[in-house]
A.B. asks: 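The following block contains the structure, expressed as structure tokens.
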There are 2 protein chains.
Amino acid sequence: MSDYIPVHGQRPRRVTARMVAEAAGVSRSAVSRAFTDGAYLDDKKRTKIREVAAILGYKPNALAAGLQGGRSHLVAIFVGDMRSPYDTAFVGQLVGELNALNKWPILIDGGGQRAATAIEDVLRYPLDALILRGGSMSADIVSQCTKYAIPMISSGRPIEAPDVDNVCCRHSDGTKEMTETLIRQGRTRFGFLAGPADFYSSAIRKGGVLEALKAAGLSLVAESLGDYTVAGGHSSAKQLLSSHAIDALICANDAMAIGALTAAREMGLAVPKDLSVVGFDDISMASWPMFDLTTVRNPIDASVTEILNLLERRLATPGKQSETVFIDTQLVLRATH
Amino acid sequence: MSDYIPVHGQRPRRVTARMVAEAAGVSRSAVSRAFTDGAYLDDKKRTKIREVAAILGYKPNALAAGLQGGRSHLVAIFVGDMRSPYDTAFVGQLVGELNALNKWPILIDGGGQRAATAIEDVLRYPLDALILRGGSMSADIVSQCTKYAIPMISSGRPIEAPDVDNVCCRHSDGTKEMTETLIRQGRTRFGFLAGPADFYSSAIRKGGVLEALKAAGLSLVAESLGDYTVAGGHSSAKQLLSSHAIDALICANDAMAIGALTAAREMGLAVPKDLSVVGFDDISMASWPMFDLTTVRNPIDASVTEILNLLERRLATPGKQSETVFIDTQLVLRATH
DNA sequence: TTGTACGCGTTATCAT
DNA sequence: ATGATAACGCGTACAA
């Protein structure tokens with residue numbers, strides 16, 4: 001088909017609009033127009049150009065197009081923890097929806113030591129937006145984005161800055177409601193399995209628990225620190241359960257709840273008869289038959305949808321005021337409460 | 001700091017090298033050199049320029065730089081299934097390592113209906129490489145990449161094409177070795193829980209099982225089709241176990257093995273006393289205490305490392321012959337065999 | 001060591 | 001409707 005002749009050991013250059021123009025006997029502009037929807041161009045000519053382009057293997061170069069001052073269609077996603085089931089599910093959904101909108105997500109692993117420099121380097125690309133999923137971002141990076149007029153949307157820890165939009169789950173309402181439900185069932189001795197000390201989500205989820213307990217004239221009997229993983233939840237729960245007599249264990253996330261549930265069963269505790277174990281997030285494993293975990297859903301669909309809505313609004317009106325959209329949680333009452 | 005004045009409702013333009021040059025009272029080339037390692041430039045001048053650049057918030061525009069004919073530093077990753085634990089763990093690792101090498105991964109969700117058009121669109125960017133993780137790729141896309149001289153590296157289903165490098169797990173050796181181990185333990189009535197009919201990995205893993213059985217004068221007693229998920233494995237195993245008397249169930253992946261393990265326990269079967277249940281991949285959940293699954297490790301670290309090696313070699317020698325690197329599996333003998 | 005001038009591939013503008 | 005030409009922002013060969 002193509003008369004492209006490979007030169008040994010040398011990288012062949014990309015086919016350009018100029019080459020297509022020559023091959024089709026038209027001007028370069030005509031080629032550009034042939035690939036621009038709604039541009040003035042004779043239908044027959046457009047068809048002809050597209051044929052030639054297909055044979056030569058021509059595609060407009062998105063880099064050169066992005067230089068024009070329009071949008072680059074590149075969106076960076078900063079992922080706090082690529083090993084967390086919730087974050088990966090979240091990013092999976094987000095990537096799919098961005099793809100559908102013709103936005104191309106560049107992923108940055110926020111877990112590595114080089115995360116800060118990585119984001120600095122990615123900012124060399126004129127991004128359409130920067131989306132934060134969990135993790136924390138230095139104030140410096142935030143101000144850089146503001147300066148470059150790169151829209152930032154944060155999901156997880158809210159960022160208080162003039163041009164940053166936030167999507168925020170009503171964490172404390174979720175744990176409050178869950179705690180109230182457990183109290184209504186007759187639970188009175190509550191334990192809380194917290195996440196790492198500096199995790200915003202853990203602290204605020206605990207806040208909801210305390211609120212509900214206080215309203216009922218109760219208080220927390222025991223608390224232990226975990227690391228948001230299954231293994232961490234397993235060992236933390238083992239310690240907590242062996243030293244405290246409680247009848248309800250609220251975990252700051254599902255991964256730890258799954259670990260805690262296993263620990264409780266290993267210790268001969270009947271769940272939910274002797275002990276309630278509940279989590280937060282409703283990750284896919286929570287519904288696995290061997291866990292059937294009662295939890296608070298932190299809905300990914302709704303969060304991702306809102307991120308895309310905010311992105312659209314921000315791109316339409318770059319100077320608009322920052323917004324914070326709150327996402328409602330849902331109680332998922334399965335078999336462990 | 002900066003004297004940038006925001007214009008209401010209008011997106012501020014990026015700071016360019018020209019602006020820095022003017023502000024610093026030097027030529028535009030000097031600014032370029034100030035950000036190019038090893039370029040001839042007076043140290044004092046470079047320092048001065050960098051200071052001014054920092055104040056103005058200047059960064060070289062990677063889009064314009066990529067136009068120069070060098071590398072774009074953009075790498076696309078096509079992910080077969082963003083919902084599979086193995087694939088997401090794989091991609092997480094890959095993203096982190098690419099970040100460390102200053103390569104920026106653009107993710108494409110191979111699961112959606114729009115996957116084919118998505119990859120077409122991403123090819124508008126002059127990619128340094130395209131990495132395939134699972135899923136399948138149309139021959140058309142492959143030939144396009146070859147035409148554009150975009151290196152392709154496939155992990156999962158190997159691609160037979162002149163310029164495509166492959167990283168391939170020795171699936172059948174893994175299942176063969178596992179089957180031999182079970183036979184040596186006295187298992188004689190084997191069942192196989194397969195993945196979707198068109199999945200390369202499932203078919204080849206089954207091949208290893210059959211090979212080992214044949215060598216021992218045995219044959220498969222039962223087989224059932226699953227969908228590579230926990231829920232699918234659970235229901236498929238339930239059917240299979242209720243209709244066939246077997247003492248070993250080999251599952252095409254860990255997710256199904258976890259589902260099968262749960263099903264077996266629910267049916268009152270003692271694992272491993274009455275029945276061996278084994279998986280493939282060694283996903284993180286396989287080592288969770290409640291499963292402690294015996295499985296065949298499909299090592300992510302090694303695969304990712306080899307992908308990066310192949311990428312490096314391919315970038316160094318674009319015209320080199322395609323290679324296929326094989327990855328050895330490892331038997332992980334836990335508590336279910 | 002430094003500045004000038006050109007090319008990268010595209011889209012947008014402006015005549016025609 | 002179409003073709004010439006000017007940006008876009010950068011790196012770099014070349015001349016000084």
Side-chain angles (χ1 to χ4, degrees), chain A residues 11-50 52-53 56-74 121 123-128 148-149, chain B residues 11-50 53 56-74 121 123-128 148-150:
Chain A
R11 198 157 66 122
R13 297 198 69 86
R14 240 178 116 98
V15 178
T16 70
R18 166 184 221 101
M19 302 182 199
V20 177
E22 279 174 20
V26 299
S27 72
R28 265 208 334 273
S29 327
V31 177
S32 180
R33 279 193 258 267
F35 286 88
T36 307
D37 286 335
Y40 291 118
L41 189 64
D42 183 71
D43 273 359
K44 221 180 105 193
K45 205 171 202 172
R46 163 172 274 137
T47 312
K48 161 81 174 166
I49 293 175
R50 292 215 162 191
V52 174
L56 259 46
Y58 167 78
K59 265 183 212 292
N61 184 328
L63 245 51
L67 215 53
Q68 222 57 26
R71 316 236 91 109
S72 71
H73 290 213
L74 259 21
D121 287 339
L123 284 177
R124 289 173 114 107
Y125 294 88
L127 303 173
D128 280 4
Y148 303 155
Chain B
R11 199 158 64 124
R13 297 198 70 85
R14 241 179 116 99
V15 178
T16 71
R18 166 184 221 99
M19 302 181 199
V20 177
E22 278 174 21
V26 298
S27 75
R28 213 190 41 70
S29 342
V31 176
S32 181
R33 279 192 258 269
F35 287 88
T36 307
D37 286 336
Y40 290 116
L41 188 66
D42 183 69
D43 273 359
K44 221 180 104 192
K45 204 172 203 170
R46 164 172 272 139
T47 312
K48 161 81 173 167
I49 293 174
R50 291 216 162 191
L56 259 46
Y58 168 78
K59 266 183 210 294
N61 184 329
L63 245 51
L67 216 53
Q68 222 59 24
R71 317 235 90 109
S72 71
H73 290 199
L74 260 19
D121 287 339
L123 284 176
R124 288 171 114 106
Y125 296 88
L127 303 172
D128 280 4
Y148 303 155
I150 295 177

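Convention: sequence-line order gives letters A, B, ...; per-chain numbering from 1. Treat the numbers as computed from the prediction; the structure is a model and nothing was measured.
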A.B. asks: List, one per line, each side-chain donor-acceptor pair under 3.5 Å for residues 24-31 of chain B, sequence neighbours excluded.
C.D. replies:
| residue | atom | partner | partner atom | Å |
| --- | --- | --- | --- | --- |
| B:Ser27 | OG | B:Ala30 | N | 3.2 |

A.B. asks: How would you list, by chain and number, every residue that makes a side-chain hydrogen bond (donor to acceptor under 3.5 Å, both in side chains) with B:Lys59, sequence neighbours excluded?
C.D. replies: A:Glu120, A:Gln144
A.B. asks: Check the distance between D:dG9's P and B:Leu67's CG and give it to me in whole angstrom.
C.D. replies: 12 Å
A.B. asks: Given axes from five pairs at either end, by how many degrees does the helix from C:dT1-D:dA16 to C:dT16-D:dA1 bend, rounded to 10°?
C.D. replies: 40°
A.B. asks: Between protein and nucleic acid, restricted to nucleotides 11-13 of chain D and to nitrogen or oxygen atoms under 3.5 Å apart, what atom pairs and distances do you find?
C.D. replies:
| residue | atom | partner | partner atom | Å |
| --- | --- | --- | --- | --- |
| D:dG11 | OP2 | B:Ser32 | OG | 2.8 |
| D:dG11 | O6 | B:Arg28 | NH2 | 2.4 |
| D:dG11 | N3 | B:Gln68 | NE2 | 3.1 |

A.B. asks: Scan residues 16-26 of chain A against DNA chain D and write down, sorted by residue number, each residue with any heavy atom closer than 4.0 Å; if none is found, say none.
C.D. replies: none
A.B. asks: To the closest 0.5 Å, what do you measure between NZ (B:Lys48) and CG (B:Leu41)?
C.D. replies: 13.5 Å
A.B. asks: Do the side chains of B:Leu63 and B:Leu67 get nearer than 4.5 Å, heavy atoms only?
C.D. replies: no
A.B. asks: Between B:Arg33 and B:Arg46 (side chain of the first, backbone of the second, donor and acceptor by atom type, cut-off under 3.5 Å), is there such a pair?
C.D. replies: no
A.B. asks: What is the distance from CZ of B:Arg14 to P of D:dG9, rounded to the nearest Å?
C.D. replies: 10 Å
A.B. asks: What's the shortest heavy-atom distance between A:Arg14 and A:Met19, and which atoms?
C.D. replies: O-CE, 3.6 Å
A.B. asks: So what does A:Lys44 touch, heavy atoms closer than 4.0 Å: a base, only the sugar-phosphate, or nothing?
C.D. replies: nothing
A.B. asks: On DNA chain C, reading 5' to 3', which nucleotide is the first and which the last to sit with an atom under 4.0 Å from a heavy atom of chain B, could you check?
C.D. replies: C:dT1 to C:dC8
A.B. asks: Indicate the atoms forming the closest heavy-atom contact of B:Ala34 with B:Ile49, along with that distance.
C.D. replies: CB-CG2, 3.6 Å
A.B. asks: Determine the minimum heavy-atom distance between A:Tyr125 and B:Ser72, stating which atoms define it.
C.D. replies: OH-O, 2.5 Å
A.B. asks: Which heavy-atom pair separates A:Ala23 from A:Leu56 by the least distance, and what is that distance?
C.D. replies: CB-CD2, 4.0 Å
A.B. asks: With a 4.0 Å cut-off on heavy atoms, is B:Leu41 in touch with a base, just the backbone sugar-phosphate, or nothing at all?
C.D. replies: sugar-phosphate
A.B. asks: Calculate, to the nearest 0.5 Å, the distance between atoms OH and CG belonging to B:Tyr58 and B:Asn61 respectively.
C.D. replies: 8.0 Å
